[in-house]
Amino acid sequence: MRKNIVAGNWKMNKSFDEADDLVNGIMELLEKKELGKNTLMILCPPFPYLEMVSDYSNDSYFMVGAQNVNDNEKGAYTGEVSAEMLSSMDIEYCIVGHSERRAYYGETDAMIAKKVDQLLKHEIRPIVCCGEVLEEREAGKQFDVVKRQITDGLFHLSAEQFKELVIAYEPVWAIGTGKTATPEQAQEIHAFIRKTIADKYGKEVADEISILYGGSCKPSNAKELFANPDVDGGLIGGAALQAEDFVNIALAF
Ligand code: 13P
């Protein structure tokens, strides 16, 4: 049975002390209320806080992910972080191909494919983001866009490798805008993503993959989004910066 996942993408937010407070706040709440048996929580802090958050994760209920990784193995890439480094710190997950990285840092599907390869080589599970911008949605092109991102970024993988992935569908028009996809819109495209995977790798593989929704997900809309058969959780931005909101989203299953 595929997992329900709630992952918090903190993006470039919080000082070290604020980040420490956030993890403590989340842990305090999780001591009072248990997550569902099949629910996995993942915290994705900025690189400098990975170790601090990882240290807490040892005796607690969440796993830790990075927000990005370099597509090369190692070497003269000033300021970059490799999959090998993350793996040596026991980081279990890493977000790849977020729309902010595609838009502001020119990440292409080909680059994302290389990042995914690096992560899998070092036994880190990629959380691969896809999703259309507003003009594409308005032109009815969301299916083509998402299919291209998945095909060009991921379809070089073997079925065994593909099973390690988590997919996050994040419509760019819903990220940080307060505009959420309706539960019907989310289900429609999540089902399409699963079918695209099934056509390539078979139904068994497609049924094992958790497909998360991201874009203005909050406690007030999480329940109806997660109630859909192909929505297996959320990749949460703004609402992940607040312990109570984030835990309430994780309790929405
Ligand atoms: P918001 O939840 O702030 O819309 O961000 C979503 C996101 O980009 C998560 O990766």
Side-chain angles (χ1 to χ4, degrees), residues 4-14 18-19 22 26 39-47 49-50 53 62-69 91-105 107 112 115-116 119 124-134 136-137 142 145-146 149-150 153 165-183 185-186 189-190 193 209-226 228 231-253:
N4 294 326
I5 298 177
V6 172
N9 175 9
W10 297 1
K11 307 191 181 181
M12 197 171 74
N13 290 297
K14 302 224 176 260
E18 288 165 350
L22 176 56
I26 291 170
T39 303
L40 172 65
M41 180 181 275
I42 306 172
L43 304 185
C44 303
F47 286 131
Y49 310 153
L50 280 171
V53 178
F62 53 81
M63 294 202 160
V64 182
Q67 296 175 18
N68 184 32
V69 69
I91 300 303
E92 292 121 333
Y93 288 85
C94 181
I95 298 170
V96 193
H98 193 281
S99 62
E100 287 149 17
R101 298 219 51 93
R102 292 177 190 257
Y104 308 146
Y105 303 100
E107 286 196 9
I112 289 158
K115 292 184 176 209
V116 168
L119 290 170
I124 298 168
R125 286 174 188 249
I127 303 174
V128 186
C129 302
C130 59
E132 79 285 356
V133 300
L134 184 62
E136 292 164 337
R137 164 72 55 170
Q142 65 271 28
V145 170
V146 165
Q149 291 170 334
I150 289 180
L165 304 180
V166 175
I167 307 281
Y169 167 67
E170 301 205 301
V172 180
W173 47 270
I175 296 177
T177 57
K179 258 195 221 168
T180 316
T182 64
Q185 283 173 324
I189 198 139
H190 281 228
I193 292 169
I209 305 289
S210 299
I211 306 177
L212 316 184
Y213 168 79
S216 299
C217 185
K218 38 191 183 253
S220 59
N221 59 27
K223 217 179 184 74
E224 48 175 10
L225 283 163
F226 298 171
N228 289 286
V231 180
D232 307 308
L235 180 55
I236 318 299
L241 299 174
Q242 222 272 339
E244 201 162 343
D245 281 354
F246 186 59
V247 171
N248 280 334
I249 292 172
L251 291 169
F253 288 107

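All ligand and atom numbering here is 1-based and tracks the order in the structure. Because the structure is predicted, anything quoted here is derived from the model rather than measured.
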V146 vs Y169, side chain to side chain contact (heavy atoms under 4.5 Å, CB included): CA-CA, chis, key distance, verdict
CA-CA 8 Å; V146 165; Y169 167 67; 4.0 Å; yes

What verdict does the side chain to side chain contact (heavy atoms under 4.5 Å, CB included) test give for I193 and C130, after you've listed the backbone C-alpha separation in whole Å, the side-chain angles of each residue and the deciding distance to 0.1 Å?
CA-CA 10 Å; I193 292 169; C130 59; 4.1 Å; yes

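Side-chain contact, Q67 with W10: no donor N or O sits under 3.5 Å from an acceptor N or O.
Every salt bridge (Lys or Arg N to Asp or Glu O under 4.0 Å) that K11 has, sequence neighbours left out, goes to E100. Contacts of N221 classified as side-chain hydrogen bond (donor to acceptor under 3.5 Å, both in side chains), with partners at least two apart in sequence or in another chain: T180.
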Throw together a table of side-chain donor-acceptor distances under 3.5 angstrom for residues 232-253, partners on residues two or more places apart or in other chains.
{"residue": "D232", "atom": "OD1", "partner": "R2", "partner atom": "NE", "Å": "2.8"}
{"residue": "D232", "atom": "OD2", "partner": "R2", "partner atom": "NE", "Å": "3.1"}
{"residue": "D232", "atom": "OD2", "partner": "R194", "partner atom": "NH2", "Å": "2.8"}
{"residue": "D232", "atom": "OD2", "partner": "I211", "partner atom": "N", "Å": "2.8"}
{"residue": "Q242", "atom": "OE1", "partner": "E244", "partner atom": "N", "Å": "3.4"}
{"residue": "Q242", "atom": "OE1", "partner": "D245", "partner atom": "N", "Å": "3.1"}
{"residue": "N248", "atom": "ND2", "partner": "E244", "partner atom": "O", "Å": "3.2"}

Extract all N/O-N/O pairs under 3.5 Å that connect ligand 1 to the protein, and present each with both atom names and the distance rounded to 0.1 Å.
{"residue": "ligand 1", "atom": "2 (O)", "partner": "G237", "partner atom": "N", "Å": "2.9"}
{"residue": "ligand 1", "atom": "3 (O)", "partner": "G238", "partner atom": "N", "Å": "2.8"}
{"residue": "ligand 1", "atom": "4 (O)", "partner": "G176", "partner atom": "N", "Å": "2.6"}
{"residue": "ligand 1", "atom": "4 (O)", "partner": "S216", "partner atom": "N", "Å": "2.7"}
{"residue": "ligand 1", "atom": "5 (O)", "partner": "K11", "partner atom": "NZ", "Å": "3.3"}
{"residue": "ligand 1", "atom": "8 (O)", "partner": "K11", "partner atom": "NZ", "Å": "2.8"}
{"residue": "ligand 1", "atom": "8 (O)", "partner": "H98", "partner atom": "NE2", "Å": "2.8"}
{"residue": "ligand 1", "atom": "10 (O)", "partner": "N9", "partner atom": "ND2", "Å": "3.0"}
{"residue": "ligand 1", "atom": "10 (O)", "partner": "H98", "partner atom": "NE2", "Å": "2.9"}
{"residue": "ligand 1", "atom": "10 (O)", "partner": "E170", "partner atom": "OE1", "Å": "3.2"}
{"residue": "ligand 1", "atom": "10 (O)", "partner": "E170", "partner atom": "OE2", "Å": "2.9"}

